[in-house]
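Given the structure is predicted, the values throughout are model-derived calculations rather than measurements.
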Amino acid sequence: MMALGFIDLLIMCYIKLKYHIQPPKDPGFVCPGIPFVPAIGIVCNVALFGALDKSAHLMTVAYIGIGLLMYFGYGYFNSTITLRKQKVLEIEQNAGVVEEAGQ
């Protein structure tokens, strides 16, 4: 049974390679130095961040925490889903007031 699955895999790989369309030789602009330039940038930033004092690390964590609270708080209180829920609740409450007044 495993042999049949392996044979199927080989057949699918053959079909994929046979009918694969090659991209043009001149793709236009290509960013030079990928992936070396981003990797060097990450290493440099980690080294610079590692050279900071512990107080700078704590301030950075606090700053990121405050930023995340602001980001998610704004998204929560200004999302369209929350606004729709508030409108539905207002309509239900108003309907309840009208029913009570009609009785």
Side-chain angles (χ1 to χ4, degrees):
M1 195 63 159
M2 286 285 286
L4 290 176
F6 184 70
I7 292 171
D8 289 342
L9 181 67
L10 287 176
I11 291 170
M12 287 188 289
C13 288
Y14 172 76
I15 292 170
K16 171 66 176 155
L17 291 173
K18 182 172 173 63
Y19 294 106
H20 178 70
I21 299 171
Q22 293 291 330
K25 295 294 180 189
D26 184 23
F29 175 75
V30 177
C31 189
I34 299 294
F36 302 111
V37 173
I40 291 169
I42 291 170
V43 169
C44 289
N45 283 316
V46 168
L48 289 171
F49 190 71
L52 296 174
D53 294 332
K54 288 184 181 181
S55 63
H57 288 260
L58 291 175
M59 290 174 60
T60 303
V61 169
Y63 182 75
I64 291 172
I66 292 169
L68 286 172
L69 283 174
M70 290 172 58
Y71 178 78
F72 287 111
Y74 179 83
Y76 178 77
F77 290 110
N78 294 308
S79 71
T80 56
I81 295 172
T82 303
L83 294 175
R84 286 183 196 151
K85 285 181 182 178
Q86 288 175 349
K87 286 181 183 178
V88 168
L89 287 175
E90 288 176 7
I91 291 170
E92 288 175 355
Q93 288 174 351
N94 290 339
V97 169
V98 170
E99 287 177 5
E100 289 176 5
Q103 290 179 359

Residues pairing under ring pair (Phe, Tyr, Trp, His ring centres under 6.0 Å) where one sits in residues 75-96, two or more places apart or in two chains, turn out to be none

Please tabulate, for the side chains in residues 55-63, all donor-acceptor contacts under 3.5 angstrom to protein atoms that are two or more places apart in sequence or on a different chain.
residue	atom	partner	partner atom	Å
His57	NE2	Phe49	O	3.0
Thr60	OG1	Ala56	O	2.7

For Gly33 and Pro38, the nearest pair of non-hydrogen atoms, with its separation, is O-CD, 4.1 Å

d(Ile81 CD1, Gln86 CD) to nearest 0.5 Å is 12.5 Å

Is it possible for you to say whether Leu17 and Leu9 belong to one hydrophobic cluster, with membership spreading through side-chain heavy-atom contacts below 4.5 Å?
no

Going by chain and number, the hydrophobic cluster around Ile42 (ILVMFWY, side chain to side chain under 4.5 Å) further includes Val46

The remaining residues in the hydrophobic cluster of Phe72, counting side-chain heavy-atom contacts under 4.5 Å among Ile, Leu, Val, Met, Phe, Trp and Tyr, are Ile64, Leu68, Tyr71

In terms of heavy-atom contacts, Asn78 and Leu83 come closest through O-CD1, 4.4 Å

Taken in chain and number order and not counting sequence neighbours, the residues that satisfy side-chain contact (heavy atoms from CB on, under 4.5 Å) with Leu10 are Phe6

Apart from Leu48 itself, its cluster of hydrophobic side chains linked below 4.5 Å comprises none

The reported gap from OG1 in Thr80 to NZ in Lys87 (rounded to nearest 0.5 angstrom) is 10.0 Å

